[in-house]
Amino acid sequence: MMEMKKYIAIFFLAVFPFTSFSLYGIDSIGAMGGVMFTGNSSAEGAPSPILPFIGAAASFAFRENSFIEPSIAMTANYYLWSAEESMALPAEIEYADSVLLLSIFLDSPYVMKYRLRENIDWGWLASPLLVLRVPMKTWGEGDTQKADILSYFYGGRFIFLEAGGLIEWNYSPLKSFKSRLDLLFPLYHLWDGGAITDQLSVRLCLIFSFKVQEKSPGN
């Protein structure tokens, strides 16, 4: 019950600051997918994983050429608890004692776009990003290690800074395809003393969007 309350509280912390942007009118909604590389600085555990993810995104017109684009993305991976290093590490799928965690990424980047060609835009984005970790299944001693793994991540290790660039192809008046390359920097390394490359992530996002009727602020 306490774990569920923790997930709900973090979710609202991520979403609440951006609810007012709905006043500016939604520009598009879309489906998102891609791959993500996440660094593992330890010699223990699995090599740095490259994982697929899926999700959804929306875009709200904010000002001229600027948008707020909240998204949610999900992936899953196996983790083990290293008693020697007192940290959660990615595990190989065949590892006997592990926990399968669903990772949920929540962000609302501020996006600036510029016209490159008639139907092609480029831009940049920046945002805080939160990662929720939800246990799905355990193997072996993973059942007893689950509490340590969750405490490790929820002890402040869910706060990231996201920055990236994008190219968007508006191939029809109502449809677009966007390619986005994001760097996810683990902000908690500023105070936990961990290796800067641990949990440092790079993700390639592919977003298919459908335009909706724009709505001016106040209308």
Side-chain angles (χ1 to χ4, degrees), residues 11 14-39 48-77 102-132 159-187 196-197 199-219:
F11 176 79
V15 172
F16 179 75
F18 306 106
T19 54
S20 62
F21 289 116
S22 62
L23 298 174
Y24 291 90
I26 189 167
D27 180 70
S28 66
I29 56 175
M32 178 170 68
V35 293
M36 179 171 64
F37 166 88
T38 300
S48 299
I50 299 176
L51 301 171
F53 65 87
I54 59 171
S59 179
F60 292 90
F62 184 46
R63 294 174 181 167
E64 186 178 2
N65 298 330
S66 64
F67 301 83
I68 299 296
E69 300 192 348
S71 72
I72 179 171
M74 293 177 285
T75 189
N77 195 27
L102 176 68
S103 298
I104 303 172
F105 298 81
L106 300 170
D107 67 352
S108 276
Y110 177 79
V111 180
M112 282 293 298
K113 295 181 184 178
Y114 307 91
R115 183 50 50 94
L116 184 62
R117 295 185 180 178
E118 182 179 354
N119 61 347
I120 298 179
D121 297 329
W122 71 276
W124 57 267
L125 61 99
S127 173
L129 180 143
L130 302 183
V131 183
L132 309 184
I159 307 170
F160 290 75
L161 177 64
E162 173 186 42
L166 64 91
I167 292 286
E168 184 171 19
W169 175 33
N170 302 287
Y171 60 90
S172 87
L174 295 177
K175 299 176 183 177
S176 69
F177 171 74
K178 185 186 303 178
S179 177
R180 221 173 81 182
L181 188 64
D182 302 334
L183 176 69
L184 310 184
F185 173 75
L187 279 177
I196 199 71
T197 55
Q199 294 295 313
L200 182 70
S201 302
V202 178
R203 67 176 184 176
L204 173 65
C205 303
L206 304 177
I207 306 172
F208 293 90
S209 297
F210 298 88
K211 302 285 184 177
V212 297
Q213 185 173 358
E214 292 189 13
K215 179 180 176 183
S216 300
N219 290 339

**Q** side-chain contact (heavy atoms from CB on, under 4.5 Å), that's the test. Do Phe37 and Leu200 meet it? Break it down for me.
**A** CA-CA 8 Å; Phe37 166 88; Leu200 182 70; over 6 Å; no
**Q** Given the rule in the ring-ring contact (aromatic ring centres under 6.0 Å, His included) test, do Tyr114 and Trp122 qualify, once you have shown the distances and angles that lead to the verdict?
**A** CA-CA 5 Å; Tyr114 307 91; Trp122 71 276; 4.9 Å; yes
**Q** Mind listing the closest non-hydrogen atom pair of Thr38 and Ser201 along with its distance?
**A** OG1-OG, 3.1 Å
**Q** With rounding to the nearest 0.5 angstrom, report the CD1 to OG distance, Ile29 to Ser209.
**A** 8.5 Å
**Q** Take Ile54 and Met32 through the test side-chain contact (heavy atoms from CB on, under 4.5 Å) and record every step on the way to the result.
**A** CA-CA 6 Å; Ile54 59 171; Met32 178 170 68; over 6 Å; no
**Q** Could you tell me which residues satisfy salt bridge (Lys or Arg N to Asp or Glu O under 4.0 Å) with Glu168, sequence neighbours excluded, listed by chain and number?
**A** Lys113
**Q** Can you measure from CD1 (Ile167) to CG (Leu181) and round to the nearest 0.5 angstrom?
**A** 11.0 Å
**Q** Can you name the closest pair of heavy atoms from Leu51 and Ala76 and give their distance?
**A** CD1-O, 3.8 Å
**Q** For Asp27 and Ala61, work out which heavy atoms get closest and say how close.
**A** CB-N, 4.2 Å
**Q** Report the residues that fulfil side-chain contact (heavy atoms from CB on, under 4.5 Å) with Ser103, sequence neighbours left out, ordered by chain and then residue number.
**A** Thr75, Phe105, Val131, Arg133
**Q** Looking at CG of Leu125 and CG of Asp182, how far apart are the two atoms once the value is rounded to the nearest 0.5 Å?
**A** 5.0 Å
**Q** Report yes if some heavy atom in the side chain of Trp169 is under 4.5 Å from a heavy atom in the side chain of Asn119; otherwise report no.
**A** yes
**Q** Locate the shortest heavy-atom distance separating Pro70 from Ile68; write the atom from each residue and the value.
**A** CD-O, 3.4 Å
**Q** Taking everything shown except Ile120 itself, do over 12 heavy atoms lie less than 6.0 Å from its CD1?
**A** yes
**Q** Nearest 0.5 angstrom please: Ser71 OG to Ile207 CD1, how far?
**A** 7.0 Å
**Q** What is the minimum heavy-atom distance between Ala73 and Phe53, and which atoms define it?
**A** CB-CD1, 3.9 Å
**Q** Nearest 0.5 angstrom please: Asn170 CG to Ser28 OG, how far?
**A** 9.5 Å
**Q** With no hydrogens and no angle check, just 3.5 Å: does a side-chain donor-acceptor pair link Asp107 and Ser127?
**A** no
**Q** Check step by step if side-chain contact (heavy atoms from CB on, under 4.5 Å) holds for Ser179 and Leu204.
**A** CA-CA 7 Å; Ser179 177; Leu204 173 65; 3.9 Å; yes
**Q** Using the side-chain contact (heavy atoms from CB on, under 4.5 Å) rule, take Ile104 and Ile72 through it: C-alpha gap first, then chi angles, then the decisive distance, then the call.
**A** CA-CA 7 Å; Ile104 303 172; Ile72 179 171; 3.9 Å; yes
**Q** Do Ile50 and Met36 come within less than 4.5 Å of each other through their side chains, counting heavy atoms only?
**A** no
**Q** Closest heavy-atom contact between Phe177 and Tyr171?
**A** N-CE2, 3.8 Å
**Q** In Å and rounded to the nearest 0.5 Å, what is the CD to OG distance from Gln199 to Ser48?
**A** 9.5 Å
**Q** Just to verify, what does Phe160 make a ring-ring contact (aromatic ring centres under 6.0 Å, His included) with, not counting sequence neighbours?
**A** Tyr188
